[in-house]
Amino acid sequence: MDLGRGRAELARSLELDFIITVDRSMMSNHRGKEFLGFMTTAPAVGLPEVLWRALAMPRIPVDEHGRPRQAPYGLRKIEAALLDAGFSAAVVDPDHVRRYVERAKAVLIGHHDYFAFNSPSIEYWLITGEEPLNRRSFLEFASRLVEMKRGLNPDLKIIVGGPAAWQWLYVPEYIERFEVDTIVEGEAEGVVVELARRVTEGLPLPKFVMVGPRDCPEMEEVPVIRGASINGLVEIMRGCPRGCKFCSVTLRRLRHYPLEKIEQEMRVNASSGLKGCVLHSEDVLLYGAKGIEPSPDSVIKLHELAKRYHEEVVWSHATLSSVLYAERKYRLVSRVAELVLDGRQRYSGFQTGIETGSPRLARQIMAGKASPFKPEQWPDVVEEAFGILHDNFFVPAATLILGLPGETEDDVIRTIELVERLKDYRSLVVPMFFVPIGALRGCGWFTSVHLRRVHAELLLVCLKHSLFWAKDIVSRFYARGLSSPFLKLTLMSFLMSAERFARSLTPDEVLEHIERSRRKLAGEVEETSIRESVLERLRRYARAPKVAARP
Amino acid sequence: MVAEGAALVVRGCPRSESEIERALGTARSIAREGGGRLTVVLEGASFLECVDLIRALYERLAEATVVVEVGGASTPKDGRGALELSFNGSGER
């Protein structure tokens with residue numbers, strides 16, 4: 001930046017005490033397509049990184065003060081909490097942080113996967129042997145920030161939080177390297193105000209704050225966002241009653257936002273010009289529910305409200321047992337689809353968890369997930385729910401967990417059988433590896449994942465299923481909204497090449513590849529050798545003539 | 001909320017599993033008495049040196065609100081005084 005431009009920018013800057021920000025992998029609207037955001041959780045594969053970045057994490061428009069027009073919802077909540085408490089705070093785009101650093105008292109950062117320890121980043125990391133983009137993007141950003149701090153304002157405090165705050169405890173060397181003053185784990189709307197007061201008064205900060213269930217705010221106490229959230233995301237409830245053993249959300253009390261509060265946030269998003277809305281919850285069909293008994297009126301009113309403000313409404317998450325139960329008892333999925341898919345919108349989508357096709361394992365680790373059905377019925381619940389969703393143009397992106405403690409070969413075979421039963425239903429199925437949290441200590445997490453041949457078979461079944469339906473989804477729905485024909489072409493070419501590549505793979509090759517990646521992560525293999533082998537094969541298959549699909 | 005609840009002053013650094021278990025057990029009972037809140041004050045050791053204990057608090061005391069301060073960044077406010085545990089930091093990992 002030249003000095004003249006710097007002065008002009010400074011003159012247009014606000015006087016901020018608190019800068020709220022994050023790196024580009026999160027400060028992006030991912031071209032208005034939430035699922036393109038998942039590309040940031042992988043390294044660039046099959047495409048040049050510059051193109052991968054352009055597709056997945058483009059810059060977001062900012063105002064004259066460098067404040068993004070849209071920002072991650074969690075950062076907006078922190079901004080609102082500080083503004084409501086009378087502090088001078090704003091979410092600032094990472095490219096514009098410098099102009100505020102000299103004067104500010106603290107930088108607050110929130111992230112959902114700082115170091116790529118969450119799924120699916122960690123899977124992509126293991127499979128490719130290369131650092132996912134979100135991790136690299138954050139490390140680049142944090143390095144720039146700490147340089148700015150040292151050069152311009154050594155007294156600047158750095159506070160980190162968000163759903164991935166816990167990750168700092170497993171890479172403590174980064175706490176020191178990036179001069180982090182405080183780590184906040186848990187719902188932070190309350191504690192951030194006290195931390196800000198301490199910063200302002202020059203009092204020492206605690207190094208770590210973990211907000212337990214009793215200190216989680218009631219929904220009435222949670223502030224309303226002041227600026228638009230990425231892709232119009234609004235939270236409708238917090239917590240989950242299902243009690244799955246692998247999920248921390250169940251530790252949080254189940255609380256529902258009143259409709260009036262949801263409407264206030266929708267109004268903020270709509271007034272900024274956002275045409276879409278993401279309803280965020282662990283299970284949207286349980287909005288207003290008592291336990292797991294849905295409240296159809298609440299769900300319908302919620303969607304009517306959302307459609308008043310937005311052309312497109314999608315869900316963040318829903319549970320497949322809720323889909324089946326709510327449809328059978330109340331025709332709720334069909335009624336929501338009739339309401340939402342009104343001509344302005346042609347499909348909807350959300351994330352969901354299958355996790356396993358084994359009733360035995362389902363009973364052991366997620367007995368409540370099938371409820372009110374029995375864990376023994378879980379595979380049938382999944383298939384019937386997928387059928388309902390397919391018929392109603394809802395596209396589920398479903399996860400599986402591989403390598404859970406106590407998993408047997410028979411459990412994995414049952415999961416393969418279930419995925420094969422889902423072949424006629426428009427969906428994505430993404431396998432994830434169980435990584436015990438203790439394995440993240442030190443640098444050897446990748447040695448904790450023990451994949452067998454049957455896991456590799458499952459990986460291939462999922463890959464083929466997802467690539468088949470991804471082409472359908474992109475050509476039928478997704479690419480219609482993408483403005484650039486070049487991007488549409490790139491996306492479809494990539495998917496077709498990837499599908500040909502997947503068809504050529506055998507389970508043994510998959511295992512061999514993952515073993516090579518693991519050796520690379522352990523520093524036992526030259527970095528370039530794996531990359532070359534994968535890229536060479538990708539290039540070869542991209543050049544190869546099309547082959548007929550296997551029956 | 002910060003620095004409310006009862007306090008546990010940890011002098012030195014618990015390193016071995018048995019030392020961490022002892023600190024965790026004490027922390028748990030203090031948190032229970034403190035209504036689900038606990039302030040851990042680290043004295044004579046840095047946060048990084050005590051990170052094994054902090055991870056144990058995070059992984060196994062999820063039901064509590066825990067504030068970790070280094071060198072007594074603030075004083076617990078409920079007037080109950082603080083319980084102290086000392087470690088020489090020589091325990092095996």
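Here the structure is a predicted model, which is why all the values come from computation and not from measurement. As a basis for the values below, the full set of heavy atoms in this structure was taken, side chains included, without hydrogen atoms, waters or symmetry mates. A note on names: the letters A, B, ... follow the listed sequences, proteins ahead of strands, and every chain is numbered from 1.
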- prompt: What distance separates Thr65(B) OG1 from Glu185(A) CD, expressed to the nearest 0.5 Å?
  reply: 11.0 Å
- line: Highest number of heavy-atom pairs under 4.5 Å with chain A among Ala64(B), Ala31(B), Ser46(B) belongs to Ala64(B)
- request: Select one option (side chain, backbone, both, neither) describing which atoms of Val51(B) are under 4.5 Å from chain A's heavy atoms.
  value: side chain
query: So do the side chains of Ile175(A) and Leu48(B) get within less than 4.5 Å of each other, counting heavy atoms only?
result: yes
Throw together a table of side-chain donor-acceptor distances under 3.5 angstrom for residues 199-207 of chain A, partners on residues two or more places apart or in other chains.
{"residue": "Thr200(A)", "atom": "OG1", "partner": "Ala196(A)", "partner atom": "O", "Å": "2.7"}
{"residue": "Glu201(A)", "atom": "OE1", "partner": "Arg197(A)", "partner atom": "NH1", "Å": "3.1"}
{"residue": "Lys207(A)", "atom": "NZ", "partner": "Val180(A)", "partner atom": "O", "Å": "2.7"}

- prompt: Is it the side chain or the backbone of Phe47(B) that comes within 4.5 Å of chain A heavy atoms, both, or neither?
  reply: side chain
- line: In short, Ala62(B) meets Pro213(A) closest at the heavy-atom pair O-CD, 3.4 Å
message: Are there over 12 heavy-atom neighbours, none belonging to Glu176(A), within less than 6.0 Å of that residue's CD?
response: no
field: Those residues of residues 160-171 of chain A, ordered by number, that approach chain B below 4.5 Å (heavy atom to heavy atom)
entry: Trp166(A), Leu169(A), Tyr170(A)
task: Decide yes or no on side-chain contact (heavy atoms from CB on, under 4.5 Å) for Asp215(A) and Arg37(B), but give the supporting numbers first.
output: CA-CA 9 Å; Asp215(A) 288 305; Arg37(B) 288 174 176 166; 2.4 Å; yes
query: Looking at side-chain heavy atoms only, is the closest gap between Phe208(A) and Val67(B) below 4.5 Å?
result: no
